[in-house]
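Step one of this worksheet: look at the structure below.
Protein chains get the first letters and strands the later ones, always in sequence-line order, with residue 1 at the start of each. Heavy atoms only: backbone and side chains are in, while hydrogens, waters and symmetry mates are out.
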Amino acid sequence: MTVRTRFAPSPTGFLHIGGARTALYCWLESRRRGGQFILRIEDTDRERSTDVAVQAILDGMHWLGLDADEGPFYQTQRLARYKQVADELVAAGKAYYAYESKEEIEAMREAAMQAGEKPRYNGYYRDRNEPFRDDPNRVIRFRNPAEGSVVFEDKVKGRIEIANSELDDLVIFRSDGWPTYNFAVVVDDIDMGVTEVIRGDDHVNNTPRQINIYHALGAPVPEFAHLPMILDQEGKKLSKRTNAVSVMDYREQGFLPHAILNYLVRLGWSHGDQEIFSREEMIALFDIADVNKAASRFDTEKLAWLNQHYLKTDEPQSFVAEFEWHLQRVGVDITKGPAPVEVIAALRERVHTLKEMAERAKIWYGPITAWDDKAVAKHLGNASAPGVLEAARALLAACEWKPAAIHQVIEQLAVQLELGMGKVAQPLRVAMTGTQVSPSIEDTIYLTGREEAIRRIDAAMAMAHA
RNA sequence: GCUCCCUUCGUCUAGUGGCCCAGGACACCGCCCUCUCAAGGCGGGAACACGAGUUCGAGUCUCGUAGGGAGCGCCA
């Protein structure tokens, strides 16, 4: 039987980083084993599900390149099927109607807590054999086995056993006519032939209940793998308030999708000492059974390192489009400056993100907007600066406009004026950028363009004399 | 409260009884290189939560303690 995994988010928010890792692992597991990856939107919570969130999740998945083989399926479109299965369960005596109000249930829970027990349903209607009646409080509850225990071998956590006496008769159909999560997932996973259920470990405690439903339905139980949580830098639960949680936030911060994937694949999983994984390597080497049991923290510094690694080793062509997206976001008109690929070549070793790259590229697409006083004083205010600028102006007006040729001009200048490279390059750097930090001087000048470079030297000469 | 789960450098991790006075990576510090900033090279500090056991031998097995997390919904 072929392996089928599924990613089943509920559309109540954006695709967050933990969900992205779950999706990645599902995707990798299906890819390595030659199976299928299914996307299913769990939108039975009519109160909180939104179309905006559905779109955000789809966009996030697409941006990461985690394309599904099947779906997206929507649970809201499968209502008739859930009803049918629930009715079968009731007919077979494996589920029953119950009529307590929410308030009554709440009171029941509190009473149980008082008595030092788990808060749960007391089973009032379990053996009452109450027939269907039209009642606003009517729900369908699953008749959970009273005896024995449920045991399963989790591919991440290992053997897990929970006594049925710990489980109560959960609601599988709400009074509003919609199925609950625990029921809908099982019906869907059976119908969709899911063989590997890979999800967050906040679902571990639901698994025994679901296994009981599989049994009641006479369906084969899939394999389970529960992934530990991803915590923030402080070891706290990731929260929208203090962390970037949406994968699209990471896009805005200038991270490459592949860097995020590489970071995520190593968070909780490893292959010896290897840190860098191409898409193909991930697929070939990843195994859900090798995932760690413990929660891990999200370390933006390491993500930044990976991002830079890909920035400086990937073919610039492969991410120019993404870079141009960032250039536009910082208000750059890319027709008014150098080709973005050339900017990438100059900056890729000096920044960690595309956002940073775009910020620093601004100086080549428009006038210098700010002068660093210290830089001006130090490098334009010294004795040799005017001579350097003047000589450079003359040579740059005539040389071939290529970084290598410009480099020669600078060197020639240093020899001619009997100055160190620093004395020659720094005044020019300040002239080109208004600051004392930039890529190599020849790249900086080259990207500025001849006309503009000369204009900036003129401006700098005025400042040097003043 | 009850149930389930987790615990190796600051962080991500290697490690499946001897190869470990614990390896790699990020971060940090130092040196080198150098037109600035980076990148790169070299080097450094830094961990088996604790306590009992089992064993000739334990980071690795068992039990306990402590700490952390998740769940206990007509949310997913």
Side-chain N,O (A:Arg348) to OP1/OP2 (B:rC37) below 4.0 Å
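For B:rC37, OP1/OP2 do not have a side-chain N/O of A:Arg348 under 4.0 Å.
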Could you list the residues that satisfy side-chain contact (heavy atoms from CB on, under 4.5 Å) with A:Lys236, not counting sequence neighbours?
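A:Lys236: side-chain contact (heavy atoms from CB on, under 4.5 Å) contacts with A:Asp232, A:Glu234.
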Tell me what A:Pro439 touches on the nucleic acid: a base, only sugar-phosphate, or nothing, going by heavy atoms under 4.0 Å.
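Base contact - A:Pro439 has a heavy atom under 4.0 Å of at least one base atom.
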Does A:Glu275 reach a base, just sugar-phosphate, or nothing at all? Heavy atoms under 4.0 Å.
base
Would you indicate which nucleotide in [options] comes nearest to any side-chain atom of [X]?
X	options	result
A:Lys118	B:rC72, B:rA70, B:rU36	B:rC72
A:Arg266	B:rC12, B:rC37, B:rA76	B:rC12
A:Arg209	B:rG71, B:rC72, B:rC37	B:rC72
A:Ser270	B:rG1, B:rA14, B:rC35	B:rA14
A:His407	B:rC35, B:rA38, B:rG1	B:rC35
A:Leu267	B:rG40, B:rG24, B:rC12	B:rC12
A:His203	B:rA76, B:rC35, B:rC2	B:rA76

Is a donor-acceptor pair below 3.5 Å formed from side chain [X] to base [N], judging by atom type as modelled?
X	N	result
A:Asp273	B:rG23	yes
A:Gln436	B:rC37	no
A:Arg350	B:rC37	yes

Gap in Å between the two [atom1] atoms, one belonging to [N] and one to [M], rounded:
N	M	atom1	value
B:rU65	B:rC6	C1'	15 Å
B:rA46	B:rA25	C1'	14 Å
B:rG24	B:rC37	P	29 Å

Taking only N/O atoms, report every protein-nucleotides 4-6 of chain B pair under 3.5 Å with atom names and distance.
| residue | atom | partner | partner atom | Å |
| --- | --- | --- | --- | --- |
| B:rC5 | O2' | A:Lys157 | NZ | 3.2 |
| B:rC6 | OP1 | A:Lys293 | NZ | 3.4 |

What I want to check is whether the side chains of A:His258 and A:Ser318 have a donor and an acceptor closer together than 3.5 Å.
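A:His258 vs A:Ser318: no donor-acceptor pair found between side chains.
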Can you tabulate the close N/O pairs, meaning under 3.5 Å, that link protein atoms to atoms of nucleotides 43-45 of chain B?
none

Which residues in residues 417-432 of chain A have a heavy atom closer than 4.0 Å to any atom of RNA chain B?
A:Met421, A:Gly422, A:Ala425, A:Gln426, A:Arg429
Which parts of residues 136-146 of chain A get close to RNA chain B, meaning a heavy atom less than 4.0 angstrom away?
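Heavy-atom cutoff 4.0 Å gives A:Asn137, A:Val139, A:Arg141.
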Give a yes or no on whether the backbone of A:Ala431 and the side-chain of A:Arg456 come within a donor-acceptor separation of less than 3.5 Å.
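Checking the backbone N and O of A:Ala431 against the side chain of A:Arg456, no donor-acceptor pair under 3.5 Å is found.
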Return the polar atom pairs (N/O with N/O) between nucleotides 26-33 of chain B and the protein under 3.5 Å, or none.
| residue | atom | partner | partner atom | Å |
| --- | --- | --- | --- | --- |
| B:rC26 | OP1 | A:Trp305 | NE1 | 3.3 |
| B:rC26 | O2' | A:Lys302 | N | 3.3 |

Spacing of A:Arg109 atom CZ relative to B:rG71 atom C1', expressed in whole Å
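In whole Å, B:rG71 C1' lies 13 Å from A:Arg109 CZ.
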Spacing of A:Glu356 atom CD and A:Leu354 atom CG [to the nearest 0.5 Å]
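Those atoms lie 10.0 Å apart.
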